[in-house]
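In what follows, every heavy atom counts, from backbone to side chain, and hydrogens, waters and symmetry copies are set aside.
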Amino acid sequence: MGKKKSSCLGQLFKVALWICFWPIGVVVLLYKYSKKEKNKMVGATRNNIVGTSNQSPGFSQRLSNDTLSELNNALSEPLVQFRTTISTSHSENSVSDGHFSWIDFGKPEGDPERFMNYSYYEVSGNNESGKSTFKIVCGTSEEDAIYKAKREGLMPPYTTKKTPAKPATERQIDCLRKNNISFPDEINKDIAHDILSRFFGDDSEEGPEPWLIDLAVRLNKSFTSYIGHDGLLQSVLLYSDTRTCAALYAYGVNQNMRGLPFGNMFLELDVEKFYRFADNVIANESLVKSLQGRNTYDFLKPNKNTNIYKAAHTFLINN
């Protein structure tokens, strides 16, 4: 009888505690739920696409603010696409014991540009005042470099000469060695930036999947062979010209309507349909503004409450 009474008193005590402190309990439950949902959304960016490789355990170490600032400045120039056959050099497209997978660009060992799909060029010409000047740009060829310099305002006549990429900084090299990260003898500032970005979580540990590499090649995107999957995906979706971004967004909406994951847009039979939508976007300032407000996740799982989604949805239904 005494034990039963004690048990009842214990239950009453727990109820009293819950009545007194239920607001705190609700806050804790809401926090755990929101954190779980956030983690699901971040994971979807990697997992909700065609052929994503298995995830490796993440690294908990982070760079200091000063080191991050140094590394974020590693790529000071836009890059340009290579035009060779691509193959992955490792059986597993992920990081293991400081060894990262990389894309084989088909260049011989020892070539300074072995792990780059672009070259740097010093393009000389004239400015608007007719004064001689030059720009350092990168390209897959001299013609491509001249085209990029022209877009930056350089006027003819043009001359070019190849110039080496910037060497890796002492801080980058020290950071790689300190963390026992393997790196090639041909390393430069660009390559070191991509390796460290993957190691410290600014880019995914997994290397780009073949479908993404092919998509990037077709879009003339540039990257080193050590770029991660998320880094290349972001470069393709967010850092292309407006027309290309609009076409990719329409493709993403198209896949979402069909219940299919995001993949290589150019495998669609009527890929020009997405570019027709893109031309409509370019002519509409409000749609351009809506498109510029998208993030990577919006291409994979489009937000249906945006103007750009509504326009793409209507266009795809009618076409």
Side-chain angles (χ1 to χ4, degrees), residues 33-55 81 201-223 227-319:
Y33 177 78
S34 63
K35 187 174 182 180
K36 181 179 179 181
E37 289 299 307
K38 182 178 179 181
N39 289 336
K40 285 169 63 180
M41 181 173 291
V42 171
T45 300
R46 295 184 186 176
N47 296 329
N48 197 36
I49 48 182
V50 174
T52 303
S53 58
N54 293 330
Q55 302 291 312
Q81 184 55 52
D202 294 321
D203 192 0
S204 59
E205 296 169 9
E206 298 75 22
E209 292 295 324
W211 70 265
L212 179 57
I213 295 172
D214 184 58
L215 176 61
V217 170
R218 292 171 186 258
L219 293 175
N220 199 37
K221 300 301 293 185
S222 54
F223 48 92
I227 195 169
H229 187 92
D230 287 359
L232 187 55
L233 183 65
Q234 186 178 65
S235 176
V236 167
L237 298 182
L238 303 184
Y239 298 102
S240 296
D241 60 86
T242 302
R243 185 171 185 262
T244 300
C245 283
L248 287 166
Y249 184 81
Y251 168 74
V253 173
N254 181 73
Q255 295 298 93
N256 184 258
M257 291 169 61
R258 297 164 60 190
L260 298 174
F262 195 96
N264 188 344
M265 177 177 69
F266 292 98
L267 298 183
E268 290 291 315
L269 294 178
D270 189 15
V271 66
E272 288 302 318
K273 172 174 62 177
F274 307 126
Y275 282 102
R276 292 197 300 273
F277 171 75
D279 291 333
N280 293 340
V281 171
I282 293 174
N284 188 317
E285 186 176 346
S286 65
L287 291 181
V288 171
K289 185 176 180 180
S290 181
L291 176 66
Q292 291 172 343
R294 302 307 97 216
N295 56 34
T296 306
Y297 186 77
D298 284 328
F299 284 78
L300 308 181
K301 286 289 186 180
N303 183 341
K304 298 181 180 180
N305 295 319
T306 61
N307 290 335
I308 189 68
Y309 175 85
K310 294 173 183 177
H313 186 269
T314 300
F315 176 87
L316 292 169
I317 289 177
N318 296 329
N319 291 274

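- A donor-acceptor pair under 3.5 Å is formed between the side chain of Asp298 and the backbone N or O of Asn295.
- Screening Lys273, Arg258, Arg218 against Glu268 for a salt bridge (charged side-chain N to carboxylate O under 4.0 Å, His left out) leaves a single residue, Arg258.
- Across Ala247 and Ala278, no two heavy atoms sit closer than the pair N-CB, 3.8 Å.
- Asn264 approaches Trp211 most closely through the heavy-atom pair N-CE3, 3.6 Å.
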Got a list of side-chain donor-acceptor pairs under 3.5 Å for residues 306-319, not counting sequence neighbours?
{"unit_1": "Thr306", "atom_1": "OG1", "unit_2": "Asn303", "atom_2": "O", "d": "3.0"}
{"unit_1": "Thr306", "atom_1": "OG1", "unit_2": "Tyr309", "atom_2": "N", "d": "3.3"}
{"unit_1": "Thr314", "atom_1": "OG1", "unit_2": "Lys310", "atom_2": "O", "d": "2.9"}
{"unit_1": "Asn318", "atom_1": "ND2", "unit_2": "Thr314", "atom_2": "O", "d": "3.2"}
{"unit_1": "Asn319", "atom_1": "ND2", "unit_2": "Phe315", "atom_2": "O", "d": "2.6"}

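- The CG atom of Leu215 sits 6.5 Å away from atom CZ of Phe262, with the distance rounded to the nearest 0.5 Å.
- Note that the CG atom of Leu287 and the CG atom of Asn280 stand 8.5 Å from one another [nearest 0.5 Å].
- The distance from the CG atom of Asp279 to the CZ atom of Phe274 is 14.0 Å, given to the nearest 0.5 Å.
- One distance of note links OH of Tyr251 with CG of Leu237; it measures 11.0 Å at 0.5 Å rounding.
- Residue Ile213 holds its CD1 atom at 9.5 Å from NE2 of His229, rounded to the nearest 0.5 Å.
- Although no hydrogens or angles enter the test, the distance criterion places a donor-acceptor pair under 3.5 Å between the side chain of Ser240 and the main chain of Val236.
- No donor-acceptor pair under 3.5 Å is formed between the side chain of Thr296 and the backbone N or O of Gln234.
- Rounding to the nearest 0.5 Å gives a distance of 9.5 Å between CG of Leu238 and CG of Leu291.
- For Ile282 against Val288, the heavy-atom pair with the smallest separation is CA-CG2, 4.1 Å.
- Taking every heavy atom of both residues into account, Asn284 and Ser286 meet most closely at OD1-OG, 2.6 Å.
- In this structure, Phe266 and Tyr275 have tilted ring planes: the angle between them lies in the 30° to 60° band.
- In this structure, the side chains of Arg276 and Asp270 come closer than 4.5 Å at one or more pairs of heavy atoms.
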